[in-house]
Chemist: 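Got a structure here, written out as structure tokens. Questions coming.
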Amino acid sequence: MSGLNPRQHAAVHYTNGPLLVLAGAGSGKTRVITQKITHLIAERGFQPRHICALTFTNKAAREMRERLSQQSKGAQTRGLTISTFHTLGLNILRRTPELADLRRGFSLLDAQDAESLIKEHLRGAPEAHAIGAAAVQQRISRWKNDLINPAHAMQLAQDDFDARMASLYADYERSLRAYNAVDFDDLILAPTRLFQTHPASLQAWQGRLRYLLVDEYQDTNNAQYALVRQLTGTDGAFTVVGDDDQSIYAWRGARPENLARLQVDYPSLKVIILEQNYRSSARILGLANALIANNRHVFEKRLWSDLEPGSLPRVLRCKDEAHEAERVASEILHLKFAENVSFGHIAVLFRGNYQARPFEKTLREHNIPYFLSGGTSFFARAEVKDAMAYVRLIANPEDDAAFLRIVNTPRREIGPTTLERLAEHSREHAISLLAGCTDPGLAAHLSARQCARLDAFAALIASHRRHSETDPVGSMRALIDTIDYSAWLRENASSQQVAERRYENVADLLEWLGKLHKGDFQHQGLADMVSHLTLMDVLDRQEEDAGGERVHLMTLHAAKGLEFPQVFLVGMEEELLPHRSSIEEDTIEEERRLAYVGITRAREALTFTLTRRRRRYGEWIVTEPSRFLDELPAKQLDWDGERSETPEHRKARGLSHLRMLKGLLNTPP
DNA sequence: GAGAGTTGAATTTTT
DNA sequence: TTCAACTCTC
């Protein structure tokens with residue numbers, strides 16, 4: 001194997017048992033994984049189809065695939081599984097849906113769909129105002145990630161509120177079952193259940209996936225831990241790679257302690273720590289080490305680099321957020337025109353999405369091309385969701401959630417009252433809403449006109465369903481045409497342009513379906529294709545196309561796994577980084593890791609910025625410098641171009657509380 | 001069912 | 001401050 005350091009080499013070659021690789025930022029972890037895959041195939045006699053690499057994001061999976069094909073020159077990697085946890089879960093369920101209490105063609109609800117479903121259950125409840133659907137959804141998600149079912153959740157309830165949450169969880173689950181649908185969390189949870197109750201199925205999968213590699217292991221939740229544990233069985237043929245210092249998703253159920261837990265569950269676990277960093281200059285790395293030393297650690301590691309010391313990282317103090325953006329913009333222009341740095345090599349990283357705004361404005365004013373990552377994903381767009389709902393309903397007539405979304409889109413004069421009666425009737429007869437539309441008994445509850453409208457809708461779906469059996473993609477094209485969806489978009493858009501863009505999105509979706517159908521999904525139905533599309537981030541690809549010569553604006557979370565020669569880490573203030581709520585909830589360590597992730601993205605140069613005052617909800621707030629700046633060795637920072645902090649600066653900082661008082665007294669209008 | 005007005009909430013968000 | 005979601009009215 002070429003160019004591996006001794007630790008990396010050991011990580012690649014160790015195959016005698018379970019292996020944990022603690023890979024610090026920039027220590028070449030992807031390289032270790034891809035080389036290990038090659039090694040397993042070329043030297044250890046594994047067939048590619050017996051190897052499975054799991055990632056969290058599609059992007060990471062794609063990258064891994066690319067790196068692998070570069071490295072192995074296309075040789076014998078066919079049949080290899082490189083997928084996200086969720087895609088693997090979907091495939092497990094799809095193979096034998098009946099073992100998971102599902103029927104073929106089941107629907108996959110995204111987080112937004114799940115939330116609307118909960119909203120339905122919450123509707124009319126007296127406490128609906130006190131409980132947000134989003135909060136309930138999060139709670140349910142937590143339960144699922146912790147492998148807790150509704151009954152168990154009920155047992156654990158401490159008070160009435162918990163009990164209410166648990167009962168909503170039970171309602172929600174009942175709906176999903178009735179709709180023949182699963183949510184994202186079920187893609188992990190349901191397979192673990194399936195494997196518990198059907199050992200033969202587990203054995204079959206264990207035989208199929210004989211060596212498992214898991215990336216970003218610190219981000220696994222309990223359900224994912226359980227799934228990996230089941231699949232790897234007792235011999236523990238796996239390599240997991242992770243970094244406890246880069247765990248920034250605990251708020252979402254990630255359990256970084258899963259790293260340490262492995263040592264308990266697999267006493268023979270071998271641990272290899274990768275500490276050589278190939279990314280950042282020595283000075284940048286020094287700051288990163290100094291910062292993260294303030295966190296408690298289960299595994300001690302200290303990154304080192306034999307790269308150049310590099311330039312001194314700087315701190316720019318700014319008046320307010322407009323000034324901050326202005327200064328960063330002029331720094332960027334300087335880099336571009338005085339130092340010939342490509343815009344694409346520059347990133348501006350911040351804590352919250354809303355911080356992007358002043359930067360967007362200022363960069364635009366200076367004609368600096370930028371690229372904002374995040375934003376509404378392709379599948380969150382209303383028109384795409386509508387089209388997806390049509391596909392889902394055609395694939396799965398029991399998907400009431402999809403039915404409700406589109407029964408009156410475009411308008412068919414089917415209002416809430418009609419739907420309520422339909423729902424009541426369907427519930428009584430234990431049939432889906434779509435089936436209810438054509439049920440003869442319905443006429444007793446609704447006028448002939450309403451019945452006719454529902455009937456017409458059902459007929460529309462039924463005819464396209466038949467068509468879809470022979471020509472799934474063509475049937476969808478025909479459907480979008482028949483309902484004259486483009487006319488509906490034109491009616492509802494503010495401008496012709498917007499309508500066209502939206503229609504374009506729908507066309508893109510159809511094109512993706514077409515591609516899938518010609519590709520890996522030739523023999524599969526619409527349901528499988530639409531589930532896969534839901535899991536894939538089509539937007540990701542568009543982002544990359546748009547990338548290139550642009551300054552990247554993104555949150556610290558979005559920056560994980562990326563690197564840039566020039567990094568601006570902005571908004572280094574108390575209550576922002578660390579964020580206010582993290583101070584309250586005492587999750588400072590995760591905030592520190594977030595700052596650590598930001599620092600370690602930088603290759604050559606790093607610039608922090610902070611403001612003295614900032615607007616919050618329209619009100620001016622006097623800010624304090626982030627404690628994380630205090631945790632960095634002052635000598636290793638250049639404060640406002642003065643190499644290190646001068647006595648004047650210290651004095652000025654001492655005065656900051658005075659300034660704050662003043663600020664409070666004469667807040668600008 | 002659409003439009004106006006009110007209210008309340010504003011971290012992060014891999015799938 | 002801004003924006004989205006919800007309510008109320010026509």
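Heavy-atom basis, side chains included; hydrogens, waters and symmetry copies ignored.
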Chemist: Is the base of B:dT11 touched by the side chain of A:Arg252 through a donor-acceptor pair closer than 3.5 angstrom?
Modeler: no
Chemist: Between B:dT15, B:dT11, B:dT13, spot the one nearest the side chain of A:Arg351, thanks.
Modeler: B:dT11
Chemist: Considering only B:dT12, B:dT15, B:dT14, which nucleotide approaches the side chain of A:Thr555 most closely?
Modeler: B:dT12
Chemist: Taking only the P atom of each, what is the distance from C:dA5 to B:dT12 in whole angstrom?
Modeler: 15 Å
Chemist: Who passes salt bridge (Lys or Arg N to Asp or Glu O under 4.0 Å) against A:Arg411, sequence neighbours left out?
Modeler: A:Glu491
Chemist: Touch check for A:Ser582, heavy atoms < 4.0 angstrom, all strands: base, sugar-phosphate only, or nothing?
Modeler: base
Chemist: To the nearest Å, how far apart are A:Ile583 CD1 and B:dT12 P?
Modeler: 16 Å
Chemist: Take the protein atom CZ of A:Arg615 and the nucleotide atom P of C:dT2, then report the distance between them rounded to whole Å.
Modeler: 7 Å
Chemist: What's the gap between C:dA4 and B:dT11 when it is taken at their P atoms, as a whole Å value?
Modeler: 15 Å
Chemist: Are any of the side-chain nitrogens in A:Glu365 or A:Lys361 under 4.0 Å away from the carboxylate oxygens of its partner?
Modeler: yes
Chemist: Tell me whether A:Arg261 forms a cation-pi arrangement with A:Tyr225, defined as NZ or CZ under 6.0 Å from the six-membered ring centre and within 45 degrees of its axis.
Modeler: yes
Chemist: For B:dT12, is there a stacking contact with A:His557, counting only centres under 5.5 Å and planes under 30°?
Modeler: no
Chemist: Between atom CG in A:Asp215 and atom C1' in B:dT15, what is the gap in whole Å?
Modeler: 15 Å
Chemist: Measure CG/A:Leu576 against P/B:dT12 and give the value in whole Å, please.
Modeler: 11 Å
Chemist: Given B:dT15, is OP1 or OP2 found less than 4.0 Å from the side-chain N or O atoms of A:Asn58?
Modeler: yes
Chemist: Taking N or O atoms only and anything under 3.5 Å, show me the protein contacts with nucleotides 1-3 of chain B, one pair per line.
Modeler:
unit_1	atom_1	unit_2	atom_2	d
B:dG1	OP1	A:Asn408	ND2	3.1
B:dA2	OP1	A:Arg411	NH2	3.3

Chemist: Could you work out which one of B:dT14, B:dT12, B:dT11 sits closest to the side chain of A:Trp251?
Modeler: B:dT12
Chemist: When the ring centroid of A:Phe403 is compared with that of A:Tyr179, is the distance short of 6.0 Å?
Modeler: no
Chemist: Send over the distance from A:Leu562 CG to B:dT14 P, rounded to a whole Å.
Modeler: 13 Å
Chemist: Would one find a side-chain N or O of A:Asn353 under 4.0 angstrom from OP1 or OP2 of B:dT13?
Modeler: yes
Chemist: Considering only side-chain heavy atoms of A:Phe56, which listed nucleotide, B:dT11, B:dT14, C:dT2, is closest?
Modeler: B:dT14
Chemist: Any base atoms under 4.0 Å from A:Phe85, or only sugar-phosphate, or nothing? Heavy atoms, all strands.
Modeler: nothing
Chemist: Check the distance between B:dT12's P and A:Leu594's CG and give it to me in whole angstrom.
Modeler: 11 Å
Chemist: Between A:Glu321, A:His323, A:Glu573, A:Lys319, which is the residue that forms a side-chain hydrogen bond (donor to acceptor under 3.5 Å, both in side chains) with A:Thr611?
Modeler: A:Glu573
Chemist: Does A:Thr84 make a side-chain donor-acceptor contact with the base of B:dT15, cut-off 3.5 Å?
Modeler: no
Chemist: In whole Å, I'd like the distance from the CD1 atom of A:Ile140 to the C1' atom of B:dT15.
Modeler: 17 Å
Chemist: Ignoring the backbone of A:Thr57, work out which of B:dT13, C:dC3, B:dT15 is nearest its side chain.
Modeler: B:dT15
Chemist: Whole angstroms only, please: what is the CG-C1' distance between A:Leu227 and B:dT15?
Modeler: 14 Å
Chemist: What is the nucleic acid contact for A:Gln224, judged by heavy atoms within less than 4.0 Å: base, sugar-phosphate only, or nothing?
Modeler: nothing
Chemist: Salt bridge or not for A:Asp113 and A:Arg392, using N-O below 4.0 Å?
Modeler: yes
Chemist: Looking only at the aromatic ring of each residue, does the gap between the centers of A:His557 and A:Trp251 stay below 6.0 angstrom?
Modeler: yes
Chemist: Can you tell which of B:dT12, B:dT14, B:dT15 lies closest to the side chain of A:Asp219?
Modeler: B:dT14
Chemist: According to salt bridge (Lys or Arg N to Asp or Glu O under 4.0 Å), who are the partners of A:Glu324, at least two apart in sequence or on a separate chain?
Modeler: A:Arg614
Chemist: Would A:Asn145 and A:Arg255 satisfy side-chain contact (heavy atoms from CB on, under 4.5 Å), going step by step from the backbone distance to the final call?
Modeler: CA-CA 10 Å; A:Asn145 291 163; A:Arg255 298 293 167 111; over 6 Å; no
Chemist: From B:dT11, C:dC3, B:dT15, pick the nucleotide closest to the side chain of A:Leu535?
Modeler: B:dT15
